[in-house]
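Along the sequence shown, the residues carry numbers beginning at 1. Keep in mind that the numbers below use all heavy atoms, side chains included, and drop hydrogens, waters and symmetry copies.
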Amino acid sequence: MHTTDELIQLALEEDIGPGDITTDNLVGPDTRGKGAIIAKQDLVVAGLQVAEKVFQALDPKIDFNALYADGDRIPAGSTLVRIDGTLGTLLKGERTALNFLQRLSGIATQARTFVGEVAGTGVKLVDTRKTTPGWRVLEKYAVRMGGAHNHRMGLYDGVLIKDNHIAVAGGIINAVKKVRQQASHLVKVEVEAATVEEVKEALAAGADVIMLDNMDLDQIRHAVRLIDKKALVEASGNVTRGRLKKLAQTGVDLISIGALTHSAVAVDLSMRIEAN
């Protein structure tokens, strides 16, 4: 798993390469300046520490003053950060810092909007593994900053028996039995079910969580009644913002949404730099 520092180093190397031929020919190495990161739209902030690390990777002595915290909702026109350092550091780190901050704040902003659709229902919105390769920890962090929740981090920290697993294991009962024989007793087992019959099998197998995959609202309501609190119920598949409230009203406990990460649009930020 990539660390944040590794991702930042990769991004800086990708952008700067052997040297910034514009900045290096315009300003001296010791010329100082100031920068400000400005929100050009209403947004929820996420990624401030990552942006700070970008500038620190170029100059550990940079003065990075965040005026808000991750998770804050701020209006257009707000100044998120004021930065003081060498102009070379500000100019070279600008794009990479904004790339991280815009992407992560975009995820947090969309998550907050989605969470607002189910406010008061008690339903938790959770993300999926549909993340940018290498960015999973950061993107799932941004989901939390938006008020939603994380599903499993990867294949290693939670059992989710999906349709292909069921096919190769010879059915739900077999699949759950095999996993139970090998996995720790502390690990919960989730089973994907696309039909009422599969829901019944998952219940008979003793699944802790049953994921209702691509069911319509009537099917989901029927499945919730059938499960009757014997397992947590997760709705998944074809989840859009417009369907969220109706899905939440069916009685499910969780709604998983790939769009929380894979379809979030980066927010609009700019950085203004000037010499001292």
Side-chain angles (χ1 to χ4, degrees), residues 41-46 69-75 104-131 136 139-153 157-163 188-200 202-203 206-265 267:
Q41 66 175 86
D42 297 350
L43 58 89
V44 175
V45 183
D70 283 357
D72 286 349
R73 187 196 296 271
I74 66 171
L104 297 177
S105 296
I107 291 172
T109 301
Q110 178 178 254
R112 185 69 57 85
T113 300
F114 280 28
V115 167
E117 295 290 338
V118 299
T121 66
V123 172
K124 286 185 177 181
L125 301 187
V126 298
D127 54 24
T128 70
R129 288 165 44 239
K130 295 176 181 177
T131 54
R136 181 167 296 171
E139 291 184 346
K140 282 179 172 280
Y141 167 78
V143 165
R144 297 197 304 276
M145 290 304 97
H149 300 265
N150 296 149
H151 205 279
R152 57 181 179 165
M153 188 62 67
D157 67 334
V159 173
L160 175 47
I161 300 172
K162 296 174 72 69
D163 53 354
K188 290 187 176 182
V189 175
E190 180 169 8
V191 174
E192 180 184 88
T195 66
V196 172
E197 286 307 312
E198 289 183 343
V199 169
K200 292 177 180 177
L203 277 172
D208 300 296
V209 187
I210 299 175
M211 176 192 287
L212 308 178
D213 183 47
N214 281 297
M215 290 188 179
D216 63 33
L217 294 175
D218 287 339
Q219 290 173 318
I220 292 172
R221 282 189 282 265
H222 178 55
V224 167
R225 290 193 297 270
L226 192 63
I227 294 166
D228 193 27
K229 306 294 183 182
K230 299 180 183 71
L232 287 175
V233 186
E234 176 182 335
S236 182
N238 192 30
V239 177
T240 62
R241 180 181 173 186
R243 292 188 73 217
L244 278 175
K245 187 170 290 187
K246 289 181 179 179
L247 282 170
Q249 291 169 344
T250 61
V252 298
D253 302 292
L254 309 160
I255 301 174
S256 54
I257 313 170
L260 283 175
T261 49
H262 73 59
S263 295
V265 177
V267 298

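- In terms of heavy atoms, Ala235 sits closest to Val252 at CB-CG1, 4.2 Å.
- By the salt bridge (Lys or Arg N to Asp or Glu O under 4.0 Å) test, Lys188 is found to be paired with no residue, residues two or more places apart in sequence or in another chain being considered.
- Within a 6.0 Å sphere centred on CZ of Arg243, other residues, nucleotides and ligands contribute more than 12 heavy atoms.
- The two atoms that bring Ala223 and Val199 nearest to each other are CB-CG2, 4.3 Å, heavy atoms only.
- Put simply, the side chain of Thr250 never gets that close to the backbone of Leu217: no donor and acceptor are under 3.5 Å apart.
- Donor-acceptor pairing under 3.5 Å is lacking for the side chains of Asn214 and Asn238.
- No hydrogens or angles considered: a donor-acceptor pair under 3.5 Å links the side chains of Glu234 and Ser256.
- Between Leu212 and Ile210, the closest side-chain pair of non-hydrogen atoms falls below 4.5 Å.
- No side-chain heavy atom of Val191 sits less than 4.5 Å from a side-chain heavy atom of Val209.
- Contact check for Val123 versus Leu254: no side-chain heavy atoms found under the 4.5 Å cut-off.
- Proximity of Val189 to Ile161: side-chain heavy atoms (C-beta onward) are separated by under 4.5 Å at one or more points.
- Counting heavy atoms from C-beta outward, Val196 and His222 have side chains that approach closer than 4.5 Å.
- Under the 3.5 Å distance criterion, the side-chain polar atoms of Asp72 are left unmatched by any main-chain donor or acceptor of Val45.
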Q) Could you go step by step and tell me if Ile257 and Leu244 meet the side chain to side chain contact (heavy atoms under 4.5 Å, CB included) rule? A) CA-CA 10 Å; Ile257 313 170; Leu244 278 175; 3.8 Å; yes
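- Ionic pairing of Arg152 and Asp157 is not present here: no N-O contact between side-chain nitrogen and carboxylate oxygen is shorter than 4.0 angstrom.
- Looking at Arg112, its side chain does come within 3.5 Å of a backbone N or O of Met145 through a donor-acceptor pair.
- Using a distance-only test at 3.5 Å, with no hydrogens or angles considered, no donor-acceptor pair links the side chain of Asp253 to the main chain of Leu232.
- The side chain to side chain donor-acceptor pair (under 3.5 Å) search around Thr128 returns none, not counting sequence neighbours.
- At a threshold of 4.5 Å between non-hydrogen side-chain atoms, the residues Leu247 and Gln249 do not count as touching.
- At distances below 3.5 Å, not a single donor-acceptor pair connects side-chain atoms of Gln219 with backbone N or O atoms of Met215.
- Around NZ of Lys230, the count of heavy atoms belonging to other residues, nucleotides or ligands within 6.0 Å exceeds 12.
- Scanning both residues, His151 and Val126, for their nearest heavy atoms gives CD2-CG2, 3.7 Å.
- Here the CD-NZ distance, from Glu117 to Lys245, works out to 6.0 Å after rounding to the nearest 0.5 Å.
- In summary, Glu139 and Arg136 do not engage in a salt bridge, as defined by a charged side-chain N under 4.0 Å from a carboxylate O.
- Rounding to the nearest 0.5 Å places OG1 of Thr113 at 7.5 Å from CD of Gln110.
- Looking at every heavy atom in both residues, Ala248 comes nearest to Val118 through CB-CG1, 3.8 Å.
- Side-chain atoms of Arg144 and Asn150, non-hydrogen and from C-beta on, do get closer than 4.5 Å to each other.
- A heavy-atom distance below 4.5 Å is not found between the side chains of His262 and Thr131.
- A search for side chain to side chain donor-acceptor pair (under 3.5 Å) contacts involving Asp218 returns Arg221, not counting sequence neighbours.
- Of all heavy-atom pairs between Leu260 and Ala148, the closest is CD1-CB, 4.2 Å.
- From Leu203, atom CG reaches atom CD of Glu198 across 12.5 Å, with rounding to the nearest 0.5 Å.
- Side-chain atoms of Ser105 come within 3.5 Å of backbone N or O of Ala46 as a donor-acceptor pair.
- Checking Tyr141 against Asp70 by side-chain atom types alone, a donor-acceptor pair falls below 3.5 Å.
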